[in-house]
Every structure is written in structure tokens, then in C-alpha cells.
Amino acid sequence: MLSTLKNRILEIARTRASDAQKKPEPNGFTLVELMVVIFILGLLTTVVVINVLPSQDRAMVEKARADIATLGQALEMYRLDNLSYPASSDGLAALTSAPASLPPSARYRQGGYIKKLPEDPWGRPYQYDNPGRNGPGFDLYSLGADGAPGGEEDNADIYAE
């Protein structure tokens, strides 16, 4: 029995010695691996930003055109009910509530022609002139990204068609 116990102790000691000689398995990532991943993520981010930002500018111009078309339709409904477009002094606010300059014989629609006046995509109110720059009728427009009259590309004024 003693020899069996002695053999068992020697076997356990050999097993532990061989385990101690094994190299430990590495855990985690090396610095080089992390740097490669960060570099790849940076490249992907650059490609996405370059392709998405111009789309945002185009989307803002298209939203302004859509808002102007909606406001233009509301102005046409106003004209059909009241026989004229709102005066420049009344502005687009005449589409949400009856202006004081409206004659008593007018048939202003209860609740207005739109619920709320939208702002252009750059956070400024849409511009309204009556009469317009080309004679009778109205001008409905946004001053574009720069907020100043005139301009080119994204800064160009956006008029109702």
C-alpha cells in the first residue's frame, strides 16, 4: 500500500512539473491587432461620412421644395375661398388663422388651411411676398442654407415653381 501511495505521489508531481513547463496561452489582443482594427474602422467612417454628408444637403433642399409646394397649395385654397391671396403684411400666418384685414364677406375656412407653419430645414421661416417679383401672384421661397438672398448650389434661394 505504501508503494502504491508513493507511486501515486510521484505521478502527481510529474504531472504538475509537465504542466509548469507548458507556456501559458495568450489571452486578449496584441497592440498591433488593436491598431489594425482601429485603422479599418477609421477608413470605413471616412467613406461613410464622405458619401452621407452631401446627401444630407440635398435632402434639406428637397424638404424645402416639398414644404414650399405644400404651402403653395394652401395659398391656392385660401385664394379659392377668399378670392385673393393673403397680403404681404398678413404673410403666411394667414394660413393658420384669419387675418384682421380679411373682409367680413370672406369665407375663411374654420381651423385654417394648415395646422402649423413649418420652418425651412435650416430653422428659418419661409418668405412670402404678394405681389411677387414677376407681377400678379405671390412669391414663396426659402433663402437656402446661408439665409441670405441669392447664392449658389446649397446656398441658392429656393422658390415655388
**OP:** Might you point out which heavy atoms bring Leu143 and Tyr141 nearest each other, and give the distance in Å?
**Re:** CD2-CE1, 3.7 Å
Distance-only criterion, 3.5 Å: show the donor-acceptor pairs between side-chain atoms of residues 31-40 and protein atoms not counting sequence neighbours.
from	atom 1	to	atom 2	distance (Å)
Glu33	OE1	Thr30	N	2.9
Glu33	OE1	Thr30	OG1	3.4

Subject >> Asn51 side chain reached by Val47 side chain, heavy atoms, under 4.5 Å >> reply: yes
Original post:
CD of Gln73 to CD of Glu76: how many Å apart, nearest 0.5 Å?
Top reply: 9.0 Å
Original post:
Say you draw a straight line from CZ of Arg124 to OG of Ser142; how long is it, rounded to the nearest 0.5 Å?
Top reply: 6.5 Å
**OP:** List, by chain and number, the other hydrophobic cluster members for Ile68, where Ile, Leu, Val, Met, Phe, Trp and Tyr join if side-chain heavy atoms come within less than 4.5 Å, directly or indirectly.
**Re:** Met60, Val61, Leu71, Leu75, Met77, Tyr78, Tyr85, Leu92, Leu95, Leu102, Tyr108, Tyr113, Ile114, Leu117, Trp122, Tyr126, Tyr128, Phe138, Leu140, Ile158
Original post:
What pair of heavy atoms forms the shortest contact from Pro86 to Gly91, and how long is it?
Top reply: CB-O, 3.9 Å
Original post:
For Tyr159, does the OH atom have more than 12 heavy-atom neighbours from other residues, nucleotides or ligands under 6.0 Å away?
Top reply: yes
Subject >> Any Glu119 side-chain heavy atom under 4.5 Å of Pro125 side chain >> reply: no
Original post:
Could you give the distance from CZ (Arg65) to CG (Asp67), rounded to the nearest 0.5 Å?
Top reply: 12.5 Å
Subject >> Residue pairs passing the side chain to side chain donor-acceptor pair (under 3.5 Å) test where at least one lies in residues 86-100, sequence neighbours excluded >> reply: Asp90-Ser101
